[in-house]
Amino acid sequence: MQEQYRTLAREGVHEIEINKSRFLCALAPVATEAEAQDFIARIRKEHPAARHHCFAYVLGADGSIQKASDDGEPGGTAGVPMLQMLVRREVRYVVAVVTRYFGGVKLGAGGLIRAYGGVVGEALDTLGTVTRQRFRLVTVTVDHQRAGRLENDLRTTGRTVREVTYGAEVSIELGLPESDLDTFRAWLADTTAGMARLELGGEAYGEL
């Protein structure tokens, strides 16, 4: 399992114009192929008069799922350069749709490749990326008397508190790098005088 991956910071659109043709690149972070296809369908609906809606997406922390479509442009001139840009920038869980409004001037295969790949690269620069790190989920259970101070100590030491649940006791869910587990156990025992319980859960990705 990948220790970390880079993904899109936020959804957005970036536009360029080349020889009177408009290229609008819509980017979005997505978790599944279904989400990617829904986004592609949404962009098509938003621009019904456009001649082409080419797309590419990369899913999986290791980039194991990759798809692209030229949507009527000459083969290999749109979807592939878009996909190559996503892969070259090492972004994951992202979909790109480039909507083209033809301006009457043919760009040629080389011009199309530069335009489609280039607008995706510019869109990534404009919207920005974030790095997500693999974490081990852990739950710390402690009495109410110690909970407030413990939660504050966790946050001030830079640890990722995901959820706090109040019941007969207080449960605090954290995300920790696997390499930090032993150090955290010792810190927790010292901080709570051994009065807190630690339970290991599954794995998830969170922002660094």
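Numbers here are sequence positions counted from 1.
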[X] with [Y], same ILVMFWY side-chain cluster at under 4.5 Å:
X: V30; Y: L83; result: no
X: V80; Y: Y57; result: no
X: V91; Y: M85; result: yes
X: L24; Y: V95; result: no
X: F55; Y: L8; result: no

Which atoms form the tightest heavy-atom contact between [X] and [Y], and what is the distance?
X: A96; Y: V120; result: CB-CG2, 4.3 Å
X: R10; Y: T126; result: NH2-O, 3.7 Å
X: P29; Y: T7; result: CB-OG1, 4.5 Å
X: V142; Y: R146; result: CG2-CB, 3.7 Å
X: L188; Y: T192; result: O-OG1, 2.8 Å
X: A49; Y: Y101; result: C-CE2, 4.0 Å

With no hydrogens and no angle check, is any side-chain donor or acceptor of [X] less than 3.5 Å from a backbone partner on [Y]?
X: D143; Y: Q145; result: yes
X: E15; Y: R22; result: no
X: Q37; Y: E33; result: no
X: T157; Y: D153; result: yes
X: R100; Y: H52; result: no

From CA spacing to verdict: side-chain contact (heavy atoms from CB on, under 4.5 Å), Y93, I65: CA-CA 9 Å; Y93 292 106; I65 298 173; over 6 Å; no
Salt-bridge criterion met for R42 and E11 (N-O under 4.0 Å): yes
Should [X] and [Y] count as side-chain neighbours, where that means a heavy-atom distance under 4.5 Å?
X: M82; Y: C54; result: yes
X: V164; Y: V161; result: yes
X: Q4; Y: R132; result: no
X: R89; Y: D125; result: yes
X: R149; Y: N152; result: no
X: F23; Y: I18; result: yes
X: L59; Y: S64; result: no
X: R159; Y: R155; result: no

Interatomic distance, I40 atom CD1 to K67 atom NZ [nearest 0.5 angstrom]: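 Between atom CD1 of I40 and atom NZ of K67 there are 9.5 Å.
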Nearest-0.5 Å distance that lies between atom CG in L27 and atom OG1 in T129: 11.5 Å
Step-by-step salt bridge (charged side-chain N to carboxylate O under 4.0 Å, His left out) determination, R44 to D71: CA-CA 11 Å; R44 285 184 187 278; D71 194 39; 3.5 Å; yes
I16 vs E122, side-chain contact (heavy atoms from CB on, under 4.5 Å): CA-CA, chis, key distance, verdict: CA-CA 9 Å; I16 62 173; E122 287 187 22; 3.3 Å; yes
Taking atom types as modelled, is there a side-chain donor on [X] or [Y] under 3.5 Å from an acceptor on the other?
X: E90; Y: Y5; answer: no
X: T99; Y: H53; answer: yes
X: E73; Y: Y116; answer: yes
X: S21; Y: N19; answer: no

Step-by-step side-chain contact (heavy atoms from CB on, under 4.5 Å) determination, E35 to T32: CA-CA 5 Å; E35 284 186 19; T32 64; 3.4 Å; yes
Set of residues satisfying side-chain hydrogen bond (donor to acceptor under 3.5 Å, both in side chains) with respect to R6, sequence neighbours excluded: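 Here no residue qualifies.
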Candidate pair L124 and L86, rule side-chain contact (heavy atoms from CB on, under 4.5 Å), full reasoning: CA-CA 9 Å; L124 287 170; L86 295 177; 4.2 Å; yes
Show me the side-chain donor-acceptor pairs of residues 171-184 shorter than 3.5 Å, one per line, residues at least two apart or across chains.
unit_1: E173; atom_1: OE1; unit_2: R162; atom_2: NE; d: 3.4
unit_1: E178; atom_1: OE2; unit_2: R136; atom_2: NH1; d: 3.0

